[in-house]
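Read the structure below first, then the notes.
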Amino acid sequence: MEPFNVDRLAIRCIISQPGTLIRRVAWNAVDGVNKELHMAMDYDLWWKLYLHGGPLAFTDRFVAANRDHPSTKTNRNRRLHYGEAMAIVKKYYGRIPLKWWLAQPYSVWLKSCL
């Protein structure tokens with residue numbers, strides 16, 4: 001991924017969930033993940049952790065991997081994923097960057113045709 005930057009986090013989720021370690025005290029301080037979310041609960045968690053404790057630490061070491069395949073929740077439910085992610089960005093960043101409006105039609109409509 002890449003070093004933490006709040007403006008980049010507003011454009012896309014720059015944090016790889018499988019490669020994260022979260023202290024229990026930090027988890028408890030932000031009440032963990034939002035159980036109301038189904039697609040972007042980790043993205044919401046990164047925002048809560050950032051707003052509670054400041055910029056998140058970054059290591060440039062390979063610590064985890066994840067595999068993208070057609071059966072993932074994100075790939076099967078792009079509209080729901082984008083809806084949740086955009087709502088999270090608006091909630092914590094105050095606005096939705098143009099990138100989201102440009103990428104959503106491509107990701108939701110065009111990729112579903114492929």
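Just so it is clear, the structure is predicted and the values come from calculations on it, not from any experiment.
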In terms of ring plane angle, is the pair F4 and Y50 parallel, tilted or perpendicular, where the classes change at 30° and 60°?
tilted
Search all heavy atoms of [X] against all heavy atoms of [Y] and return the closest pair with its distance.
{"X": "A85", "Y": "A40", "answer": "N-CB, 4.2 Å"}
{"X": "A65", "Y": "P18", "answer": "O-CB, 4.1 Å"}
{"X": "H52", "Y": "V30", "answer": "CB-CG1, 3.6 Å"}
{"X": "R95", "Y": "V89", "answer": "O-CG1, 3.4 Å"}

When you group the ILVMFWY residues by side-chain heavy-atom contacts below 4.5 Å and let the links chain together, are [Y] and [X] in the same group?
{"X": "V63", "Y": "L45", "value": "no"}
{"X": "Y82", "Y": "W101", "value": "yes"}
{"X": "I88", "Y": "L80", "value": "no"}
{"X": "Y93", "Y": "M39", "value": "no"}
{"X": "I14", "Y": "I11", "value": "no"}

Is any side-chain heavy atom of N28 closer than 4.5 Å to a side-chain heavy atom of V25?
no
Flag side-chain contact, heavy atom, 4.5 Å: W46 against I22:
yes
How long is the straight-line distance from [atom2] of [Y] back to [atom1] of [X], given to the nearest 0.5 Å?
{"X": "M41", "Y": "K35", "atom1": "CE", "atom2": "NZ", "answer": "11.0 Å"}
{"X": "K73", "Y": "H38", "atom1": "NZ", "atom2": "NE2", "answer": "8.5 Å"}
{"X": "H69", "Y": "T72", "atom1": "NE2", "atom2": "OG1", "answer": "6.0 Å"}

If you apply the rule side chain to side chain contact (heavy atoms under 4.5 Å, CB included), what do you find for V33 with D42, and how did you get there?
CA-CA 7 Å; V33 295; D42 58 338; over 6 Å; no
Could you go through the side chain to side chain contact (heavy atoms under 4.5 Å, CB included) check for E84 and Y43 one step at a time?
CA-CA 9 Å; E84 282 190 6; Y43 195 30; over 6 Å; no
K90, NZ atom: more than 12 neighbouring heavy atoms under 6.0 Å:
no
Step by step, work out the side chain to side chain contact (heavy atoms under 4.5 Å, CB included) result for W47 and K91.
CA-CA 10 Å; W47 277 101; K91 176 180 178 180; over 6 Å; no
Go through W27 and L49 one step at a time and tell me if the side chain to side chain contact (heavy atoms under 4.5 Å, CB included) criterion holds.
CA-CA 8 Å; W27 177 274; L49 289 168; 6.0 Å; no
